[in-house]
Amino acid sequence: MLVAAQSWTIHHGHRQAHRAAGRLAFMLAPLLIAGFAYATHAGAVKAAVDHPFYVMFGQALLTADLWMIIAIPVLLFLGFRHRRQVRLHSALMLSTLLGLLPPMFARLYAGIVPGLTVRGPDTFHRFENCLLLAVLTSLLVAGWLYWRNRRDGWPWLLAGAMVAIMHLLYLTLGQTNVWDQWTESIAAQPAASWLIGGAIFGLAACLAGWRAGSASNTTRRREDYA
């Protein structure tokens with residue numbers, strides 16, 4: 001809703017409203033990253049008690065949640081750093097949503113697509129096909145958005161690459177004994193430490209991006225003056 005409001009306000013010339021709403025990102029971004037961190041910990045706890053879904057897929061999928069703790073703050077940092085370049089800034093901020101599409105599409109396909117619906121343990125095996133289709137759909141979305149704005153569209157290529165890496169981690173690291181040991185270690189840690197750590201990391205990315213954008217703008221002004 002915040003991203004939609006930001007897009008609407010700036011396209012209708014409401015700059016002050018756009019800036020005011022933008023400040024909410026400094027509160028919501030930390031909550032988003034804290035959410036990924038909490039999902040990682042909560043999933044590790046379920047894997048530790050051999051929850052059927054987590055035994056088959058969920059534990060490996062936690063690599064995606066862990067990856068999003070890194071990937072989305074990178075996009076947020078770049079978005080705030082390039083906030084004075086309108087098209088680039090908007091693409092970077094909107095691209096933070098791309099990492100949310102695979103789990104959304106996977107659940108959608110598992111819920112309504114004939115032949116892919118998951119109704120219980122006997123159909124859990126279908127979820128991997130749902131996941132692959134969801135990743136491909138997300139990559140198509142990224143490619144289409146890049147094609148529409150090739151001049152300033154590299155954020156969509158970056159976000160698409162992050163989605164591809166997310167699935168690659170699931171297929172590789174997520175299937176190893178090393179990841180089993182890591183998730184056991186994560187499950188043994190306090191959930192609060194993951195929540196707080198994720199929130200701090202998200203806020204730090206926003207603040208660092210804002211500061212980098214201010215510094216680069218000051219440098220450009222000095223160059224223009226010279």
Side-chain angles (χ1 to χ4, degrees), residues 3-4 29 32-33 35-44 46-47 51-79 90-150 153-176 178-180 182-183 186 198 202 205:
V3 171
L32 177 64
I33 307 307
F36 283 121
Y38 180 76
T40 303
H41 181 272
K46 289 183 179 180
H51 184 285
F53 178 79
Y54 279 82
V55 169
M56 294 184 68
F57 304 112
Q59 185 171 354
L61 281 171
L62 295 178
T63 56
D65 293 312
L66 191 63
W67 173 242
M68 287 294 100
I69 297 173
I70 300 169
I72 290 187
V74 169
L75 294 172
L76 287 169
F77 169 83
L78 292 171
S90 62
L92 284 163
M93 298 305 286
L94 287 167
S95 68
T96 60
L97 300 179
L98 194 69
L100 304 178
L101 294 185
M104 291 168 60
F105 281 134
R107 286 165 174 78
L108 180 66
Y109 296 149
I112 65 173
V113 176
L116 293 177
T117 53
V118 176
R119 293 291 182 260
D122 58 324
T123 53
F124 274 169
H125 63 278
R126 297 176 179 175
F127 186 78
E128 192 156 59
N129 292 328
C130 295
L131 179 63
L132 177 59
L133 184 58
V135 169
L136 293 175
T137 305
S138 301
L139 292 177
L140 285 174
V141 171
W144 177 70
L145 289 168
Y146 169 73
W147 185 256
R148 289 195 61 195
N149 182 31
R150 292 183 294 279
W154 63 261
W156 296 111
L157 295 181
L158 177 60
M162 288 178 170
V163 169
I165 291 171
M166 179 171 62
H167 192 57
L168 183 62
L169 287 171
Y170 162 75
L171 293 173
T172 55
L173 176 62
Q175 311 299 325
T176 64
V178 171
W179 183 245
D180 291 345
W182 285 4
T183 51
I186 292 170

**Request:** Quick one: do Met162 and Leu75 satisfy side-chain contact (heavy atoms from CB on, under 4.5 Å)? Show the steps, please.
**Result:** CA-CA 10 Å; Met162 288 178 170; Leu75 294 172; 4.0 Å; yes

**Request:** Would you give the length of the straight line joining atom CG of Asp65 to atom CE of Met68, rounded to the nearest 0.5 angstrom?
**Result:** 9.0 Å

**Asked** Can you name the nearest heavy-atom pair linking Ala60 to Trp179, along with the distance?
**Response** CA-NE1, 4.1 Å

**side-chain contact (heavy atoms from CB on, under 4.5 Å) between Leu61 and Phe53, intermediate numbers included** = CA-CA 10 Å; Leu61 281 171; Phe53 178 79; 4.3 Å; yes

**Message:** I'd like to know whether CH2 of Trp154 has more than 12 heavy-atom contacts from other residues, nucleotides or ligands below 6.0 angstrom.
**Reply:** yes

Tabulate below the donor-acceptor pairs under 3.5 Å that side-chain atoms of residues 126-139 make, not counting sequence neighbours, or state none.
from	atom 1	to	atom 2	distance (Å)
Arg126	NH1	Thr117	O	2.8
Arg126	NH1	Thr117	OG1	3.4
Glu128	OE2	Tyr170	OH	2.7
Thr137	OG1	Tyr109	OH	2.8
Thr137	OG1	Leu133	O	2.7
Ser138	OG	Ala134	O	2.9

**Prompt:** Is any side-chain heavy atom of Met93 closer than 4.5 Å to a side-chain heavy atom of Leu76?
**Reply:** yes

**Asked** Do Arg150 side-chain atoms and Trp147 backbone N/O form a donor-acceptor pair below 3.5 Å?
**Response** yes

**Asked** With distance as the sole test, does Arg119 use its side chain to make a donor-acceptor pair with the main-chain N or O of Gly111 at under 3.5 Å?
**Response** yes

**Met166 vs Val163, side-chain contact (heavy atoms from CB on, under 4.5 Å): CA-CA, chis, key distance, verdict** = CA-CA 5 Å; Met166 179 171 62; Val163 169; 4.1 Å; yes

**Asked** Are any of the side-chain heavy atoms of Asp180 and Gln59 separated by less than 4.5 Å?
**Response** yes

**Beyond-backbone contact of Leu78 with Leu158, side-chain heavy atoms, under 4.5 angstrom** = yes

**Item:** Proximity of Phe57 and Phe124 rings by center, below 6.0 Å
**Value:** no

**Request:** Taking all non-hydrogen atoms of both residues into account, name the closest pair between Ser95 and Pro155 and its distance.
**Result:** CB-O, 4.0 Å

**Asked** Nearest 0.5 Å, what's the CG-OG1 distance between Leu100 and Thr96?
**Response** 7.0 Å

**Message:** Which heavy atom of Ala37 sits nearest to which heavy atom of Ile69, and what is that distance?
**Reply:** CA-CD1, 3.6 Å

**Interatomic spacing from CZ in Phe105 to CG in Leu140 - rounded to 0.5 Å** = 9.5 Å

**Request:** Assess whether side-chain contact (heavy atoms from CB on, under 4.5 Å) is satisfied between Thr183 and Thr40, documenting all intermediate values.
**Result:** CA-CA 9 Å; Thr183 51; Thr40 303; over 6 Å; no

**Asked** Under a 4.5 Å cut-off applied to non-hydrogen side-chain atoms, are Thr63 and Leu66 in contact?
**Response** no

**Pairwise side-chain contact, Trp67 with Leu173, heavy-atom cut-off 4.5 Å (strictly under)** = no

